[in-house]
Structure formats: C-alpha cells, structure tokens
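One-based numbering, in listed order, for ligands and for the atoms of each. Along the sequence shown, residues are numbered consecutively beginning with 1.
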Amino acid sequence: MLTLDTLNRALLLENIHPDATARLTKAGYEVRTIPRALGEDELIEALRGVSLLGIRSRTHVTERVLAAAPDLLAVGAFCIGTNQVDLTAAARHGVAVFNAPFSNTRSVVELAIAEIISMARRLPEKNAKMHAGVWDKSAKGAHEVRGRKLGIVGYGNIGTQLSVIAESLGMTVYFYDIADKLAIGNARRCSSLEELLESVETVTLHVDGRAGNRGFFGEAEFARMPSRSLFLNLSRGFVVDHAALRRHIESGHIAGAAIDVFPSEPRGNNDEFVSELRGLNNVILTPHIGGSTEEAQQDIGEFVSGKLVDFAASGATSMSVNMPNIALPSVPGTHRLVHMHKNVPGVLATINRVLAEHGVNVEGQLLRTREEYGYVITDIGTTYSDEVLNELHAMDVTIRLRTIED
Ligand code: NAI
C-alpha cells in the first residue's frame with residue numbers, strides 16, 4: 001500500500017494526558033479524544049482516516065483492527081506495557097508501536113524510598129494506632145535509614161536510579177543482576193543472589209517480568225535474609241511467593257514489607273482486593289501505584305506523542321517496540337522514502353537498482369532489520385516519477401512504502 005501522508009488525524013483514547021493532544025495539535029494533527037477504551041468494532045469504525053492512535057492499557061489493538069485500518073501508521077501505548085497490542089500483526093501491517101518505558105521510573109523510586117523510611121520508623125503501625133486513639137510514643141524498633149544496607153535485585157532503569165537516591169540518603173547499596181551492569185556511585189555488585197541476601201538488611205526487587213522470574217523469590221530466599229530484615233516488591237506480583245512472605249512476617253523474621261504488585265490484581269476499583277498479605281502489622285500494601293503519579297502521566301503524554309510525531313514526520317523508529325530502530329537526520333531539499341519490507345536478502349540492492357534505473361540520486365540511506373522485517377529510509381532528490389514509487393511498491397517484499405516531503 002502506498003501512503004502519501006495526506007491524513008493528519010489522530011485518535012487518543014482512555015484519558016491520555018492533555019500534553020499529548022497539545023503536542024499533536026502543534027504538529028498539525030486534528031486530534032479526537034475519547035475518554036474511555038473502545039471495543040474492537042467501535043475502534044475499527046473510529047480509525048477510519050486516522051493515522052496515529054493513542055491508547056493506554058485497556059484498548060486492544062488486534063489483528064482484526066489492524067487489518068481494517070489501512071490509514072493507520074503508528075500506535076502509541078501511553079503506558080509501559082504493550083501486551084494489549086498484537087505487535088507481530090502490527091509489524092506485518094507496517095504499523096509502528098511505541099510506549100514509554102522510562103517515564104515513571106522516578107515515581108517508582110520515590111515510592112520505594114518513602115516505604116523504606118516508613119517501615120524503618122514503623123509508621124504503618126504508629127499511624128494505625130493513632131487512628132485507634134492509642135498514643136504509643138517510643139523509639140523501640142524505629143531506625144534511621146542512614147548507614148542501612150540496601151540490596152537491590154534487578155539493576156535496570158529503576159534499580160540504578162534507586163541506587164543513586166538511596167546513596168544520597170547515606171544508605172550502603174548492594175545490587176545483584178543477572179546481566180553485567182555498571183555499578184553506579186559506590187554501589188557494590190554481588191555475584192549471586194545468595195551473597196546479596198546475606199549482606200543486606202533491606203531487600204527490594206526491581207526485576208523484569210520475564211517468564212523465568214515466576215516465583216523466583218520464595219521460602220529459601222526469605223530464609224536466607226538476616227532476621228528483622230525489610231522486604232519490598234514494586235516489580236511484578238508473580239515473582240514472589242506471598243504465602244512464604246506471610247509466614248516470615250508472622251514469625252517476626254521479616255520485620256516489615258512493602259508490596260505494590262500482586263500475582264492476581266482486581267480488574268477494577270470496584271472489585272475486592274484479595275491477598276494473604278492483608279491484615280499484617282508493618283506491611284504496606286499499595287494498589288500497583290508505583291508508577292502512578294501526575295508527573296509520570298505528563299511525561300508519558302509528552303514522550304509517546306513525540307515518538308508518534310517523529311515517526312510520521314521523519315520515519316524515525318527509535319525505541320519502537322516492534323520495528324527495526326532507525327533515525328536518520330533529514331537532508332534539506334530532499335524527499336524521503338520509508339520502506340518497510342520482509343527481511344530477505346537483496347532488498348536494498350533492488351531498491352537502489354530501481355532508483356538508479358530511473359536516474360534518481362540517493363542523498364542518504366539507512367537500513368535496519370529486526371527478525372522478519374526490514375526498514376530502510378532513503379533520502380532522494382525531489383524530482384522523480386510516480387513510476388519509481390510504483391515499482392518500489394510492486395516489489396513482492398514491500399509491506400509499506402511512504403514518501404515524506406519536507
Ligand atoms: P529494566 O528492564 O530496566 O530492569 C530490569 C533488570 O532486572 C534488568 O537489568 C535485568 O537484567 C534484571 N533481572 C531480570 N531478572 C533478574 C533476576 N532474576 N535476578 C536479577 N536481576 C534480574 O526494568 P525497569 O524499567 O527497571 O523495571 C523493573 C520492574 O519494575 C519491571 O518488572 C516493571 O514491570 C516494574 N514496574 C513497576 C511499576 C509499578 O507501578 N509498580 C512501574 C514501572 C515498572
């Protein structure tokens with residue numbers, strides 16, 4: 001399919017931050033916003049003539065939707081996860097998908113810090129007692145976090161930022177990651193999870209959601225932690241055995257826990273929260289709000305709308321979750337051909353042969369492949385015939401061809 005970028009319409013669903021609308025409007029888009037998620041049929045209808053779609057976690061972009069939306073160029077998931085989008089089908093239809101993997105990193109870190117201090121000072125218990133009319137003024141069991149040994153498991157975006165802020169509070173940071181990671185500041189790398197568990201007094205999990213992490217922190221790991229340790233999980237619910245955690249809290253071996261994520265979470269705010277961790281002293285339970293702040297929402301709005309605008313305007317796929325990642329600076333006075341194709345040998349040679357046969361000069365070019373797909377950006381002079389485009393479009397391997405004119 002040949003798209004000549006005549007469609008400047010964007011559809012934003014699910015109450016995406018207004019900064020996204022502002023960014024798209026400024027870039028010349030006519031933006032329609034709908035505050036809720038749309039079902040498949042409604043979405044197909046709403047996508048007519050729309051080139052950019054913004055969703056959050058509740059709208060499902062399925063193969064059927066993608067097949068019925070030939071005008072759609074890109075989907076922005078204004079959140080972290082992209083499970084709600086059929087990424088493979090999107091690539092097959094030449095639709096780029098973007099998300100905001102870092103926008104709420106700082107929010108998670110701040111909640112973790114707040115919880116570590118709260119648990120060390122036993123605020124959950126003190127607060128509950130005050131509300132019950134009990135004045136329990138005592139220093140017993142209350143500690144400063146300065147000098148406390150913090151063990152970070154999973155030293156990625158969140159883990160490293162937490163490392164910096166924890167050190168600035170005077171904590172001594174240890175970390176363990178299955179990948180080789182640069183130690184930030186004075187953080188100490190542990191060569192095994194066991195080493196970390198035996199070295200620290202507070203353990204916080206920031207691992208990713210890969211399948212192998214299911215239940216990776218259970219009875220044996222809690223048992224290895226020193227007595228009266230604190231434990232936090234703000235990563236994924238399924239990584240921790242909650243029955244084991246409950247036993248260790250009830251025995252007093254774990255002195256406090258802060259849990260933001262659960263193996264099974266209510267579908268909505270009206271459903272009951274069911275967990276074996278309810279009703280325990282010095283345990284902070286929060287409804288998966290680690291990344292939920294106004295600031296993070298605003299950052300997500302700006303970040304993802306920026307990715308959509310750049311993709312539409314220049315073909316840049318940097319940080320796309322389903323396309324080969326490319327960004328090529330534009331050359332003034334050129335037109336840009338953006339060609340998405342099946343990844344088989346010889347595509348670049350064929351494109352360049354077609355251009356050469358029509359006397360079209362290449363001013364700049366970049367190709368990247370990712371699994372079954374290839375993506376090439378070619379900047380050419382502004383004079384060329386429709387025949388060139390038709391020939392490129394007619395190549396067996398072409399998934400999508402766009403021309404972008406300055
Ligand atoms: P990331 O991908 O940057 O870092 C994860 C790190 O964990 C990687 O360095 C990886 O090598 C490491 N890792 C994976 N499995 C491991 C294991 N078994 N042992 C040790 N290291 C392991 O991810 P990011 O952005 O730092 O996020 C971390 C977690 O936080 C993710 O699970 C994410 O879903 C969750 N998250 C939770 C939020 C909330 O609202 N509570 C908000 C944002 C993210």
Side-chain angles (χ1 to χ4, degrees), residues 56-57 77-84 98-116 150-166 173-184 187-200 203-218 220-222 224-225 231-242 257-266 269 273 275 277 284-300 303-304 319 321:
R56 288 171 71 187
S57 57
F78 285 73
C79 49
I80 313 298
T82 49
N83 293 344
Q84 71 282 36
F98 298 92
N99 67 341
F102 314 126
S103 294
N104 61 10
T105 301
R106 174 70 189 213
S107 303
V108 178
V109 168
E110 289 194 11
L111 183 61
I113 292 285
E115 291 177 334
I116 292 167
L150 174 67
I152 299 174
V153 183
Y155 207 58
N157 295 315
I158 294 173
T160 48
Q161 192 163 149
L162 176 60
S163 175
V164 171
I165 296 182
V173 175
Y174 293 69
F175 73 89
Y176 168 67
D177 198 295
I178 46 175
D180 273 342
K181 295 284 172 165
L182 176 71
I184 308 286
R188 297 156 203 210
R189 180 185 297 105
C190 295
S191 52
S192 66
L193 179 60
E194 291 71 25
E195 183 191 335
L196 176 133
L197 296 177
E198 286 166 6
S199 308
V200 303
V203 172
T204 184
L205 303 187
H206 299 285
V207 297
D208 56 50
R210 70 186 70 193
N213 281 342
R214 184 168 293 279
F216 101 100
F217 208 100
E221 288 69 31
F222 287 118
R224 214 174 263 272
M225 289 166 65
F231 176 78
L232 296 91
N233 183 19
L234 292 92
S235 62
R236 295 294 183 97
F238 64 77
V239 305
V240 176
D241 177 349
H242 281 185
I259 308 294
D260 186 47
V261 287
F262 301 86
S264 150
E265 297 181 357
N269 284 353
F273 164 63
S275 164
L277 298 179
I284 302 173
L285 302 179
T286 45
H288 204 146
I289 49 158
S292 306
T293 61
E294 302 270 349
E295 288 78 6
Q297 287 307 314
Q298 182 174 9
D299 200 76
I300 289 170
F303 184 86
V304 181
M319 293 182 64
V321 290

Need the ligand 1 atom indices (1-based, order shown) with element for anything under 4.0 Å from a heavy-atom of [X].
X	value
Gly290	39 (C), 40 (O), 41 (N)
Arg210	10 (C), 11 (O), 14 (C), 15 (N)
Lys181	9 (O)

contact_flag Val108 ligand 1 heavy-atom lt 4.0 Å: yes

Identity and separation of the nearest protein heavy atom to atom 12 (C) of ligand 1: Asp177 OD2, 3.2 Å

Taking atom 5 (C) of ligand 1 as the reference point, the nearest protein heavy atom with its distance: His206 O, 3.6 Å

Which segment of [X] sits under 4.0 Å of ligand 1 when only heavy atoms are counted:
X	value
Asp260	side chain
Asn213	side chain
Asn104	side chain

Of the listed options Leu162, Ile80, Ile158, Asn233, closest to atom 44 (C) of ligand 1 (non-hydrogen atoms): Ile158

Minimum non-hydrogen distance to atom 1 (P) of ligand 1, winning option of Ile289, Asn157, Leu111: Asn157

Polar contact flag for Val207 and ligand 1 (N/O pairs, less than 3.5 Å): yes

For the student: nearest non-hydrogen atoms of Asn99 and Met319, plus distance: OD1-O, 4.5 Å

Cation-pi, Phe78 ring and Arg56 (6.0 angstrom, 45 degrees): no

